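There's a structure below that I have some questions on.
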Amino acid sequence: MTKPVLEVRGLSKRFGALVVSDGIDLSLRAGEIHAVIGPNGAGKTTLIAEICGGLAPDAGSVHLNGRDVTGLPIRARAKMGLARTFQISALAMEDTVLQNALLGALGAAGRPWRFFRPVLSDRSLRVVAEAALDRVGLSHKAAARTAELSHGERRQLEVAVALTLTPTAFVMDEPMAGLGTEGGARMTALLGTLKHEAPILLVEHDMDAVFALADRISVLAGGRVIASGPPDAIRADAAVREAYLGDEA
Amino acid sequence: ETRIGMITTLSGGGAALGLDVRDGFLLAIAQSGRDDIEVIVADDEQAPDVAVQLADRMVQSDDVDLMTGIIWSNLAMAVIPSVTAQGLFYLSPNAGPSQLAGRGCHQNYFNVAWQNDNLHEAAGAYANSEGYTNSFILAPNYPAGQDALAGYKRFYEGGLAGEIYTQLGQTDYAAEIAQIRASGADSVFFFLPGGMGISFLRQYADSGLDIPVIGPAFSFDQQILQAVGAAALGVRNTAQWSPDLDNAANVAFVEAFRTEYGRIPSLYASQGFDTANLILSALEAGHPTDSPDAFREALRAADFASTRGDFAFGPNHHPIQDIYVREVVQDGDIFTNRIVGVALEDRGDAFAAECSM
Amino acid sequence: MTRESFVNLALLTALVAVPLWAWVAGEPFTITLATRAVIFALAAVGLNLALGLGGMVSFGHAVFFGLGGYSMGILAHHAQNFLPLYDGLIVIEGTKSMPVIWLVAIVVSALAALLIGLLSLRTSGVYFIMITLAFGQMFYYFAISWRAYGGEDGLSIWVRNDFPGLNTLAPIQFYGLCFALLLAALWLSARIARSSFGLVLNAARQVPGRVETVGLDGQRAKLVAFVISGAITGLAGALFADLNRFVSPTMFSWHMSGELIVFIILGGAARLFGPVAGAVLFVAMEHVLGDLWDHWHILLGALLLVIVLFARGGLIGLLAGKARNHD
Amino acid sequence: MSLLRLENVTARYGAAQALFGVDLDLAEGEVVALMGRNGMGKSTTVKTICKMLPAEGRLIFDGHDLSRLPSHQAARLGIGLVPEGRRCFRDLTVAENLIVAARPGPWDMDRVGALFPRLAERRGQRAATLSGGEQQMLAIGRALMTNPRLLILDEATEGLAPLIRAEIWAVVARLKAETGLSILVIDKSLKELRQVADRAVILARGRVVWSGEMAALDHETSLRHVGV
Amino acid sequence: MSTILIVEQVLNGLQFGVMLFLMAAGLTLIFGVMGLINLAHGSLYMVGAFVAATVAAATGSFLLALVAAMGAAAMAGALIEMTVIRRLYHTDHLDQVLATFALILIFSEGTRWIFGSFPLYLSRPEALAGSVTLPFGIEYPLYRLALIGAGLAVAVGLWLLIAKTRIGIQIRAGENDREMIAALGVDIRTLYTFVFALGAALAGLAGALVGAIQSVQVGMGEPVLILAFVVIVIGGIGSIKGAFVGALIVGLTDTLGGIFLPELFKLAMEPAAATQVGASLSSMAIYLLMAAVLIWRPTGLFGARTA
Ligand SMILES: Nc1ncnc2c1ncn2[C@@H]1O[C@H](COP(=O)(O)OP(=O)(O)OP(=O)(O)O)[C@@H](O)[C@H]1O
Ligand SMILES: Nc1ncnc2c1ncn2[C@@H]1O[C@H](COP(=O)(O)OP(=O)(O)OP(=O)(O)O)[C@@H](O)[C@H]1O
Ligand SMILES: [Mg+2]
Ligand SMILES: [Mg+2]
């Protein structure tokens, strides 16, 4: 078995009396989509923040490509190829869609300290940005101001920015949220191809998408992984049904 | 035709001074009945850069022949050197910074009010005459404040119970008053112009302290006294002028000013009035632009009826004059000053020796 | 050509034509006024790099304006009095050469901006406004009580400093110098706004979290912008001192910082020429209204109010319509 | 009798027109689904009803002409909004969020607490620190606390766990059955909408392209305009 | 330096702090709670002082003067809220700075137009004249003690209003999302007018109270305004508790710094120089303090919210 791209060991975090991460072990291997599901407030977004930086765990470690990144800032982890999408869109609303994508390309290319050359005339960056927009189906809106996008379109842009990073691993927080059925279907298809470029840690409440996409599923409840395994096993797991799925599956 | 440029403070916290200088000045011009004199008045907002800009305008566009009006030393320092360097005359009706009295003196610069230290020096002399030996002295922490304390100490011979610099613009003096109370001082000298002085005097009166207070006239001008109210009654202050000064020119001035503007003139009004009369007297001898030497000589002679009585210029073109001690009294419901003595006679200033002109 | 670039061009034309006309017509004071406006514009263009592009509302830019002013004041003061500036192992003399003074002004204010920025950028939003104000006040009070260089009285310079090949005492020549520097600063900000750096800065203002997650250092971008901004404003300060041949602590006062902000909003924040339009309009209003009425501040206030309430996006916004994206 | 009626409503964001003459009718006690793909004007329609966006055309609620009313008066007529994106008051606690706009009626703290026990546990927590799903519950609870006659749910189940989502649909069904509350609901899950809604209105590019009984919504139409 | 003097100075610092709080409370209500930078708050302080001076001169009653000052300031506040401020809530801070800066110009010059450039007279009530003797033989002016009391009462009242009442909750909600609170049926417009008027009334009250021991003149509001901003920033914006603690800290720092810093420098320098250096440093003290607090805690002492 290959070494996991991303590995989380014994991650713990508490806010006061509330334990939000309780000794979480997780791994993400090349080529897979590993879905993390769980009730609201289970600690999924918190887990992502600990993985991507921005929130320091009380205990445990995060390894990326075999390197311990637990103490590193967000920026350093991003440079090492960790691409995150936000549950609540974090986009530069005054800028155009293209400019948002360019920002990602710029980060990936690692050359922000250019003061004179117009960024829009940088062909290599544009190619990356436009390709990403194309893949999420936003090319036709490239020149629009981000503030003018509908909610669903913003979700798509959120993923496009992550794409521009050509990352070694994706960490996505509810990319389907707010997408219509059709948009959701497109996103599902997109993620299905994306995973061959870089594995995806996917937090999602859309069970249709999760069961269609995931190679492995971990279920988080009360900050603890209560089950982990292939989709069919999870679907059948009684504890998971009780804690999360209900009659859905 | 003579054009006089007057840059003075007509808006902002210090406007009262500028308004009085202007009103006194214009009164004298009006009394002269001359219609070949044009006075161009502009508001410097008490900001040096605005004053500089106005000076440029008056020199460059308005073609003035001489200038006057500035109230504050920092504005004076910004404007006067360059004005005199361009060959114009400047007559200061108020500000008298030491630099311009000493090494920076200039043949075209005349001060018709005082050198900044004069009133403080007089306060020091007065403290001696009262037999004070342990003064507590305070002033804001800026050059004029530092000069004030130095001026006081120049003549004062006793010891100091305390010496403090307050913050410029401070309005609460409870802490300083507590220090004064604890210091065992036998007298208090303060220099706190404008609103600072109002606050200090009222809070001092409220504190129940009865150590005698001395200050320069700046905290006791006509308008400030009305705002201080009874708290100032009996306080001694030093000035080169007072509304009750008994000479013909002054009696006529006070009367005319009251009729014209409906208020008792202040120190500043008298300075503006004197400045204008000095100019008028010199214009008889020559025009400032056409015959500057004659005009300058006439200014030096200072042959005009000053509201202060005797008036002469020293070698550095700063006044040699008597400085009085006044007391705050109540006259009807108006608070005003009355002369109670002379602190310094025929006083020139400490910097004249440094001036080589 | 968009309407905005048309407005900008008209503004530039006026800034060339009016002083030239004044020169020919023998109205030197108009040139002085224009110089004042252009210097204020330069200072505000500097501030706008931090404020418009980086979202750093600095209420303390008077620090750099004042430092520039004092750089000029102190150097020229020593030169005119033939006192060495530093007399130890090596002797440093004052100078009356503008290029040297400018360089010193730029370096000193850039260093100060680096230090202030480093500390202030720990905060954001309103806290940033206030901490920069705090630094401004510290410099102000320091300058007031700093006797060696005049304290509140300030420092006077008898003659304007020199620039090789020019007679700086001729108003039109000094104006030309200031105007050229303004153009250079505008060119610089225009380039920066469109550059990679500008993109990062712009995003760091809107979504700091996002910038980090794509591997970019938004905070450092802001700091660099703040330093460039401070340096430009410092340069303007040196020119302003030379215009007045005088420096004083009022250059450090919060009114000064406030006025710089006012110029920007008046002209239109986030517009390249906003600060220029604002400074010109403000200086013109000051001049015209001042002659109308003793209480002209009321008129000025009313005019400003009308502009904020009814001309969103400032003067340029009013003339050129809604902002468009530059692409 | 119709509770809410929109006739020929148009709305714009600056220069961009988003609604082109929308008609909509919702009777007392009825549940109407507003459907359409992303960006077709569903939320915009909601904003015009709540007077958060100026609109032209006729907007009638319970016989009152909404067009003249400011936002808060429209709400007081009995419109309760669960907005897209939750929009909880970040710096208020859970309890404060619930009582901030409460108006008297059957819904009170206890009843909302019973509906969402998770909120009851976190009464003192600042809304900004709630999980996404918890914030969604809070937004629903907050709207219910105003005891509205018309509840508008704009993507109210977005980001919720299946179990809770099912609960919310159950709540909607119960509200419909037991209280006769009128509901205008936007959601992406056709399955759930089919179960709960009486009628549907489908928007495309700011225009109503289909409306009718939910049962009459055929597969072809839904595929064309909604994507499934 | 005797203990009595130190205690007295601490009292002075407290009193100054409490006065600052009256200003800061109104400002924090408007600035923190409604998210509006109101530079014109100092003008309302000035309005309060001028109205109080005028009414006191006409009627001779200090109490009436206080009431009139609060009323006039509240009315002025409501007026500018309805005509100007209301249009600024949804704009960014920059427009607010410019608009309220314009208001300062109008208020200051307007006041000068009406009342002239000369300071006015306002005396404290006779009933509060003189000093009281506190434990340990400390003599302290009664009026200043009354100021401390009035400030404390306002502090408690305001805290209750904002933290405990529904109106307070609605106001805070309005700052987070004004559009949303309106869509839930709260008349946020009227509420904001009320808050603005309340903040203005507090400023007017402060102006009148302080005017009785200081000078009532045009421009008196500006230095206080800056200090009040310092206070709320140190305390953390939007927090009444923060404004209170911040006001006391600033009051004490300013008062005690002016006294002790020169003394401190006298240990190492000759007295005249020490006095001057100490005074320079003490005028910067509160700004140093503010910078230090913000560097240590970027959102102030009690600023919970994300900036
Ligand atoms: N700063 C904080 N202080 C206190 N509690 C917090 C804080 N941040 C998060 N929490 C709590 O931690 C728990 C986990 O939150 P998290 O956002 O990770 O949930 P989640 O699994 O992503 O849920 P959802 O699916 O609803 O988004 C929640 O109960 C939340 O209220
Ligand atoms: N604030 C805004 N400014 C400008 N245009 C906007 C704004 N909000 C929405 N739009 C535009 O209006 C149209 C309708 O948007 P709306 O939010 O109503 O869509 P929606 O049907 O709710 O979509 P979604 O399912 O994605 O939420 C979209 O094309 C969108 O780009
Ligand atoms: Mg989450
Ligand atoms: Mg929507």
Side-chain angles (χ1 to χ4, degrees), chain B residues 10-12 15 18-19 22 40-63 72-86 95 97-100 103-104 106 116 140-147 150 165-170, chain C residues 22 25-33 35-37 39-40 65 69 80-81 140-160 169 171 240-241 243-251 253 255-256 259 283 286-287 289-291 293-298 300:
Chain B
L10 304 174
S11 64
L19 289 170
R22 180 193 69 184
I40 301 166
V41 183
D43 173 19
D44 60 31
E45 302 170 54
Q46 207 174 335
D49 63 299
V50 177
V52 168
Q53 185 195 338
L54 290 172
D56 279 349
R57 188 188 91 191
M58 289 186 170
V59 175
Q60 295 169 358
S61 303
D62 298 340
D63 286 325
W72 314 98
S73 292
N74 57 336
L75 273 68
M77 288 305 296
V79 168
I80 295 172
S82 87
V83 167
T84 51
Q86 294 175 69
S98 55
Q99 295 94 316
L100 298 182
R103 299 214 336 219
H106 192 279
N116 276 358
N141 191 27
Y142 74 128
Q146 291 149 11
D147 285 345
Y165 287 109
T166 60
Q167 202 171 317
L168 192 59
Q170 183 173 325
Chain C
E27 292 271 354
F29 180 64
T30 307
I31 305 180
T32 305
L33 266 189
T35 316
R36 185 175 155 89
I39 293 173
F40 278 149
F65 199 64
Q80 83 183 6
N81 295 316
Y140 176 69
Y141 281 112
F142 178 76
I144 276 189
S145 49
W146 195 23
R147 213 53 230 254
Y149 292 113
E152 187 187 59
D153 288 350
L155 273 178
S156 273
I157 304 307
W158 312 143
V159 207
R160 192 167 283 155
L169 289 174
F240 190 69
L243 171 69
N244 295 333
R245 298 174 303 283
F246 175 76
V247 283
S248 80
T250 46
M251 282 183 78
S253 74
H255 286 266
M256 192 67 239
E259 267 180 26
V283 170
E286 251 184 354
H287 179 62
L289 297 180
D291 289 343
W293 188 28
D294 263 5
H295 300 288
W296 62 277
H297 277 171
I298 297 182
L300 179 64

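Being a predicted model, the structure only gives us computed values, none of them experimental. Chain naming here is simple, since letters A, B, ... match the order of the sequence lines and numbering starts at 1 in each.
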Are C/L243 and B/V52 close enough that some pair of their side-chain heavy atoms sits under 4.5 Å apart? no
Can you find a pair of side-chain heavy atoms, one from C/T32 and one from B/Q60, that are under 4.5 Å apart? yes
For B/S73, is it the side chain, the backbone, both or neither that has a heavy atom under 4.5 Å from a heavy atom of chain C?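 Interface part for B/S73: both.
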So, B/D56 and C/R36, do they make that salt bridge, N to O below 4.0 Å? no
Evaluation steps, side chain to side chain donor-acceptor pair (under 3.5 Å), between B/N141 and B/Q167: CA-CA 6 Å; B/N141 191 27; B/Q167 202 171 317; over 6 Å; no
Considering only heavy atoms, which portion of C/H295 lies under 4.5 Å from any heavy atom of chain B: side chain, backbone, both, or neither?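 Contact with chain B involves no heavy atom of C/H295 at all.
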I'd like to check B/H106 versus B/L100 (side-chain heavy atoms, cut-off strictly below 4.5 Å). Are they in contact? no
Which bit of C/F29 comes within less than 4.5 Å of chain B, counting heavy atoms only: side chain, backbone, both or neither?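 Answer is both: backbone and side chain atoms of C/F29 are under 4.5 Å from chain B.
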Within a strict 4.5 Å, meaning less than it, do heavy atoms of the B/W72 and B/M77 side chains meet? no
Out of B/S61, B/P81, B/P48, which one racks up the most heavy-atom pairs below 4.5 Å with chain C? B/P48
Measuring heavy-atom distances to chain B, does C/I157 have an atom under 4.5 Å in its side chain, in its backbone, in both, or in neither?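 No part of it gets close to chain B.
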Honestly, the part of B/A47 sitting under 4.5 Å from a heavy atom of chain C is neither
Max heavy-atom pair count under 4.5 Å with chain C, selected residue of B/M58, B/Q53, B/Q99: B/Q53
